[in-house]
Amino acid sequence: QVQLVESGGGLVQAGGSLRLSCAASGRTFSSYAMGWFRQAPGKEREFVAAIRWSGPGTYYADSVKGRFTISRDNAKNTVYLQMNSLKPEDTAVYFCAAERFWNSATTPKDFRSWGQGTQVTVSS
């Protein structure tokens, strides 16, 4: 398993941008699929984006497609979530997740390693 630490959350106005980072420990980071999920108050944790350990495979929730971009730097053991054109409904705690044997499913139970989360608040 890997240890994950998110950073980069904060308060931003609608239409603004933020970049989240997730630093992972462990020598086998490059073998893990990485994902971002979010959870708003009173709601279930939901999938945002994921990226395979190598190759061009990226996946997005329909609600963020075209606005968010997930990327990874295996040399730095870090995955990023660039969030543009933010909306108030993007307000949530954002979690980084990792899974070595990812089956391309996008529910929380399909990722076994989690960070502690970082708060993103978008004001209108």
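All residue numbers in this chain count up from 1 along the given sequence. For clarity, every value in this text was computed on a predicted model and none was experimentally measured.
A donor-acceptor distance shorter than 3.5 angstrom exists from the side chain of Thr78 to the backbone of Lys76, with no hydrogens or angles considered. With hydrogens and angles disregarded, no donor-acceptor distance shorter than 3.5 Å links the side chain of Gln39 to the backbone of Glu44. With hydrogens and angles disregarded, a donor-acceptor distance shorter than 3.5 Å links the side chain of Ser25 to the backbone of Gln3.
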Take Asn84 and Ser17 through the side chain to side chain donor-acceptor pair (under 3.5 Å) test and state the conclusion after the steps. CA-CA 4 Å; Asn84 299 328; Ser17 298; 2.9 Å; yes
Discussion item. side-chain contact (heavy atoms from CB on, under 4.5 Å), that's the test. Do Cys96 and Trp114 meet it? Break it down for me.
Written reply: CA-CA 6 Å; Cys96 177; Trp114 291 86; over 6 Å; no
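Shown here are the side-chain hydrogen bond (donor to acceptor under 3.5 Å, both in side chains) partners of Ser7, two or more places apart in sequence or in another chain: there are none. Scored by the ring pair (Phe, Tyr, Trp, His ring centres under 6.0 Å) test, Phe68 finds no partners at all (sequence neighbours excluded). Partners of Trp102 by ring pair (Phe, Tyr, Trp, His ring centres under 6.0 Å), not counting sequence neighbours, listed by chain and number: Tyr59, Phe111. Evaluation of the salt bridge (charged side-chain N to carboxylate O under 4.0 Å, His left out) rule for Asp90 yields Arg38, Arg67 as partners, not counting sequence neighbours. Remark: Lys65 pairs with Asp62 by the salt bridge (charged side-chain N to carboxylate O under 4.0 Å, His left out) rule, at least two apart or across chains. Residues that satisfy the side-chain contact (heavy atoms from CB on, under 4.5 Å) test with Ser71, not counting sequence neighbours, are Tyr80.
Here the straight-line distance linking atom CZ of Phe37 with atom CZ of Arg45 works out to 8.5 Å at 0.5 Å rounding.
Each of Thr118, Val48, Ile70 was compared with Leu20 under the side chain to side chain contact (heavy atoms under 4.5 Å, CB included) criterion, and only Thr118 meets it.
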